[in-house]
Amino acid sequence: MTDQYAVFGNPVSHSLSPWIHARFAEQTGQALHYGKQEVPLEGFAQAVRQFFADGGLGLNVTVPFKQQAWALCASRSRRAESAGAVNTLLMRDNGLFGDNTDGAGLVRDLQQNLGLELAGRRLLMLGAGGAARGVLLPLLDASPADLTIANRTPDKAVALAREASSSGPATACTFAGLAGRRFDLVINATSAGLSGGMPTLPDGLFTAEGAAYDMVYGPRPTRFMEWARKQGVTRVHDGLGMLVEQAAESFLLWRGVRPDTGCLLDELREHLGQ
Ligand code: ATR
């Protein structure tokens with residue numbers, strides 16, 4: 001039987017992961033099949049058990065199951081522990097192992113693909129939900145000068161910054177409290193864009209060379225990206241590169257070989273008609 005991998009989510013029909021992993025497999029000469037499965041909201045644990053009992057080798061996990069995946073694991077990577085969420089599963093001798101490749105994917109996209117320096121830079125993270133928590137540790141591991149977490153509900157930013165502060169210089173702020181401050185990189189990790197919105201932010205948040213990154217992607221630039229351009233930012237990016245890079249990290253974990261993501265990202269943009 002061909003080695004089996006899949007992504008579990010709900011909904012999952014629009015997932016690009018099967019396309020990405022099929023291209024990785026082709027490129028690296030690996031024989032595998034990567035499918036997608038819409039799992040019932042109450043049936044995640046059962047579906048995971050069944051997948052591995054049937055000989056499956058690895059799973060990606062997406063919305064809304066990443067926390068449940070974390071809870072199912074017998075052991076986890078440091079970055080999965082910190083994220084409180086798991087997006088990559090594999091079976092080890094002692095049971096299910098969980099990793100979270102989202103943050104590494106983001107950092108790799110920022111540094112390798114976009115050429116953005118993180119070490120010594122001032123970073124701003126918008127949002128303090130699951131998406132923000134999932135990437136904090138790898139961002140702090142990249143040694144920024146500081147990382148400010150700003151959130152609509154300030155208490156959540158304070159709690160997240162307190163948790164992260166043992167790993168690096170993380171502090172919390174309200175959106176209004178950002179007025180007058182300047183950042184080298186502003187990352188939008190809120191879900192506001194999903195409903196066509198964006199956080200209410202003061203003007204002038206960017207340094208002269210400052211960049212803006214939205215962790216989501218879509219056929220059109222998000223409101224946050226449009227706002228950043230109006231603020232005079234030229235380096236404005238969506239999260240498609242992060243998607244490809246987190247997939248490459250999962251592929252590396254499962255197959256022991258890192259695919260070449262550079263050309264694939266261009267191909268994917270073409271595939272999506274961007
Ligand atoms: P996710 O897993 O996508 O991070 P989440 O855990 O529900 O989802 O977190 C959503 C994040 O987007 C939160 O930081 C939320 O702010 P609150 O904590 O104040 O709810 C933020 N968010 C969602 N819609 C927003 C909006 N319109 N303006 C600002 N922040 C928003």
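In this text the structure is predicted, and so the values were computed from the model without any measurement. Counting starts at 1 for both ligands and their atoms, in listed order. The chain is numbered in sequence order, starting from 1.
Ring-plane geometry between Phe51 and Phe8 is classed as perpendicular, the angle between the planes exceeding 60 degrees on a 0 to 90 degree scale with a lower cut at 30. Aromatic ring pairs are classed by plane angle as parallel below 30°, tilted from 30° to 60° and perpendicular above 60°; the pair Tyr213 and His237 is tilted.
Val39 and Tyr5 are not part of a single hydrophobic cluster, where members link through side-chain heavy atoms under 4.5 Å apart. In this structure, Met91 is a member of the same hydrophobic cluster as Leu89, with clusters built from ILVMFWY side-chain heavy atoms closer than 4.5 Å.
Other residues, nucleotides and ligands place more than 12 heavy atoms under 6.0 Å from the CD atom of Glu267.
Listed by chain and number, Gly127, Ala128, Gly129, Gly130, Ala131, Asn151, Arg152, Thr153, Lys156, Thr190, Ser191, Ala192, Pro199 each place a non-hydrogen atom less than 4.0 angstrom from ligand 1.
Applying the salt bridge (Lys or Arg N to Asp or Glu O under 4.0 Å) definition to pairs two or more places apart or across chains, none involves residues 169-180.
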